There are 2 protein chains.
Amino acid sequence: MLEGETGLCRLAPYRETGPGLTAFDASLDTRFARKDTPMRAEDVPEMRKLPLFSGMQQDNFEALSRCAYVQTFPPQLDLISEGEPSDFLHILVEGRVELLASWKRNETILTLVPPLSTFILAATIRDAPYLMSARTIDRSRVVLLPSEDVRRVFETDNAFARGVVAELAQCYHGVVRHAKELKLRTSMERLANYILRQSRGQTEFELDIEKTRLASYLNMTAENLSRSIRALQPYGVKITGANVTIEAPAELKRFAKPSQLIDDSSN
Amino acid sequence: MLEGETGLCRLAPYRETGPGLTAFDASLDTRFARKDTPMRAEDVPEMRKLPLFSGMQQDNFEALSRCAYVQTFPPQLDLISEGEPSDFLHILVEGRVELLASWKRNETILTLVPPLSTFILAATIRDAPYLMSARTIDRSRVVLLPSEDVRRVFETDNAFARGVVAELAQCYHGVVRHAKELKLRTSMERLANYILRQSRGQTEFELDIEKTRLASYLNMTAENLSRSIRALQPYGVKITGANVTIEAPAELKRFAKPSQLIDDSSN
DNA sequence: CGAAGATTTGAACCCCCTCAACTGAAGTGG
DNA sequence: CCACTTCAGTTGAGGGGGTTCAAATCTTCG
């Protein structure tokens, strides 16, 4: 598997920290080598829950699962690099994955993929190169559906085709929101709104992402994030380690001015 | 038509220049009032050419065109405001339209829509509020397809459903490229690459957009754009009015470092 | 424990924004 | 035809948000 992996240049991480491992490296390295296994029975019902698959015909879904591989990858492993042909539709079952883009030795996180979601569907369906790279953050279990099989089912199963529409529309929405935020807000405003979104109304919670990654996602340097966190203290935000406490939610909201059209993912 | 228009607050243009007209205003104003006309016969074959419709069944396409209205709008008119329910799928037949987003009295251009393309398809299909506002730049002829009809055909015509996938995937691709550019490039680099893209290999061409709008699209102020243009002179770029001359394409490319993964829309 | 990485803090600098004034082109109306 | 307005674009001065570089903790983990 992943035999299509070319030796494409490894992209420098955000503010360069040496090259990482590619999935290809891993398949050669006996520490990671796990023969690809056919999908495990316990993952199938999980997958079926995804809106992408929920509507499709049972026999098509079964045919698709039979083509699937599942593999557990170590942290910090490049699953795909932007520009490569899209060999597999990926489904993250467990762990965390980041989607990133790079240019001229710089790198930025465009999306953080939570467990049980698909990623890079667009490239698979269009049979086009990946738009973004993907890298594991944690040790992650990933289901791999060969793109050809996905496209074949897409052509025959009409409910699946409509599932793809729903999924793509959601991804589209997500990127538009990200672009809006980048163009209309300062970095402190982005941080404040990120905190509000993550809090989900709670006054205390844990960041589910390292600060360096958060900085990249919010398009600032780690230094600037650190300073922005301090700068939010007057608005009643206290962050120690991963622990976030919002002492004065009203104050924070008055500063952040969250907007349904940018911050509400359900819209 | 557009009777669903609420009196939603008019959003301030980029760096505030008084309120514009809404489509609702226009429909009340006798200067603009044109009874909505059923689609003109000459527009139908044009529309049929769009990849979105090209695959669908003839009878479904005809049914859809019978539901369509066409209207010519004056420049600077708000066709839709973000957050409103999506009543119509829009197709720009002639003229220019900008898609924008706003937050806290600021506004930014996210996409420039060229003639003969659809816009805000995602909201129509999802039956969700518009993600972006749309405003005419020039006097523009726009075909309006009631969202309900579009969704009905989407449910019944499988080829159309797949056309929607292709269209959405392309929109998605466009926003991802925009986000990449915003996060990875400086404003001068964005300008340089914009010029290269527009040039299409020619050494001389005309900007098809006002500088103020270009500035908003590239996420800079008009002042900064003006200075960035001067700053590109050493790289062999001369811009007088809308006329652009690239005297040293190689120099410009060496500076701009265009990337297939950001700048090549076909990918 | 020791090494490597993540986070913080400080200092200096630069890109880009803001504000203000000016220029030039395009109407408009007398 | 020409003042007058209006608006896009330009230029200058000053300031602020954010970056870069460097170094000091703090964590994590083998």
Side-chain angles (χ1 to χ4, degrees), chain A residues 12-21 31 74-76 98 104-109 137-139 181-192 206-233 238-244 255, chain B residues 12-20 74-76 98 104-109 137-138 182-192 206-233 238-244 255:
Chain A
Y14 195 65
R15 242 191 179 179
E16 300 168 49
T17 58
L21 288 158
R31 281 175 303 171
Q76 300 296 331
E98 55 187 4
K104 280 221 302 184
R105 305 255 104 203
N106 279 329
E107 191 177 78
T108 189
I109 299 180
I137 298 177
D138 304 324
R139 177 178 175 84
E181 182 152 56
L182 290 167
K183 294 185 85 169
L184 293 168
R185 287 175 174 163
T186 66
S187 62
M188 251 185 77
E189 288 166 343
R190 293 196 293 275
L191 172 62
E206 301 280 316
L207 288 178
D208 59 350
I209 177 186
E210 297 78 1
K211 285 179 183 147
T212 306
R213 285 198 172 83
L214 179 56
S216 175
Y217 177 71
L218 295 177
N219 205 31
M220 44 177 136
T221 58
E223 296 93 324
N224 191 30
L225 173 60
S226 182
R227 284 185 259 265
S228 294
I229 286 173
R230 301 207 80 189
L232 280 182
Q233 277 186 13
K238 214 161 255 164
I239 303 184
T240 50
N243 190 289
V244 183
F255 170 76
Chain B
Y14 193 65
R15 244 197 183 172
E16 301 167 50
T17 58
Q76 300 296 332
E98 55 187 4
K104 280 222 300 183
R105 306 254 105 203
N106 280 329
E107 189 177 81
T108 189
I109 299 180
I137 299 176
D138 303 325
L182 289 168
K183 294 185 84 168
L184 293 167
R185 287 176 174 161
T186 66
S187 61
M188 249 185 80
E189 288 165 344
R190 293 197 291 276
L191 172 61
E206 302 279 318
L207 288 178
D208 59 351
I209 178 188
E210 296 79 0
K211 284 178 183 148
T212 306
R213 286 199 171 82
L214 178 56
S216 175
Y217 177 70
L218 295 177
N219 205 30
M220 45 177 138
T221 57
E223 295 94 323
N224 192 28
L225 173 59
S226 183
R227 284 186 258 266
S228 294
I229 286 173
R230 300 206 80 188
L232 280 183
Q233 278 186 12
K238 213 162 260 164
I239 303 184
T240 49
N243 190 290
V244 182
F255 170 75

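First the proteins, then the strands, lettered A, B, ... as listed; each starts at 1. As the structure is a prediction and not an experimental result, all values here were calculated from the model.
A:Met188 is listed as a side-chain neighbour of A:Leu232, based on a closest heavy-atom distance under 4.5 Å.
Summarising the local packing, NZ of B:Lys238 is surrounded by 12 or fewer heavy atoms from other residues, nucleotides or ligands at distances under 6.0 Å.
We find that CZ of B:Arg230 is positioned 12 Å from C1' of D:dG12, with the value rounded to whole Å. B:Ile209 has its CD1 atom 13 Å from the C1' atom of D:dA8, to the nearest Å. For the pair A:Arg185 CZ and C:dC17 P, the interatomic distance rounds to 18 Å; values are reported in whole Å. Distance, A:Arg213 CZ to C:dG5 P: 13 Å, rounded to whole Å. Rounded to an integer number of Å, the gap from A:Leu218 CG to C:dT7 P is 13 Å. Taking atom CE of B:Met220 as the reference point, atom P of C:dT18 lies 14 Å away to the nearest angstrom. Counting to the nearest Å, the C1' atom of C:dC15 and the CD1 atom of B:Ile229 are 17 Å from each other. Regarding B:Leu191, its CG atom lies at a distance of 11 Å from the P atom of C:dC16, rounded to whole Å.
With sequence neighbours excluded, the residues forming a side-chain contact (heavy atoms from CB on, under 4.5 Å) with B:Asp208 are B:Tyr194, B:Gln198, listed by chain and number. Partners of B:Arg213 according to the salt bridge (Lys or Arg N to Asp or Glu O under 4.0 Å) rule, which considers only residues two or more places apart in sequence or in another chain, are B:Glu98, B:Glu210.
With hydrogens and angles ignored, the 3.5 Å screen pairs no side-chain donor or acceptor of A:Ser226 with any backbone N or O of A:Ala222. Side chain of A:Arg190 to backbone of A:Leu218: a donor-acceptor contact under 3.5 angstrom is found.
In the helix from C:dC1-D:dG30 to C:dG30-D:dC1, the terminal helix axes, each the rotation mapping four pairs' C1' atoms onto the next four within five end pairs, subtend 40°, rounded to 10°.
For the pair A:Thr221 and D:dG18, the criterion of a side-chain N or O lying under 4.0 Å from OP1 or OP2 is not met. OP1 or OP2 of C:dT7 has at least one side-chain nitrogen or oxygen of A:Thr212 nearer than 4.0 Å.
Closest heavy-atom contact between B:Lys211 and B:Gly241: NZ-O, 3.0 Å.
For B:Lys211, taking side-chain heavy atoms from C-beta onward, the closest of the listed nucleotides C:dT8, D:dT10, C:dC16 is D:dT10.
Under 3.5 Å, the side chain of A:Glu223 and the base of D:dC21 form at least one donor-acceptor pair of N or O atoms. Judged by distance alone, with hydrogens and angles left aside, A:Arg227 brings no side-chain donor or acceptor close enough to the base of D:dG17 to form a pair under 3.5 Å.
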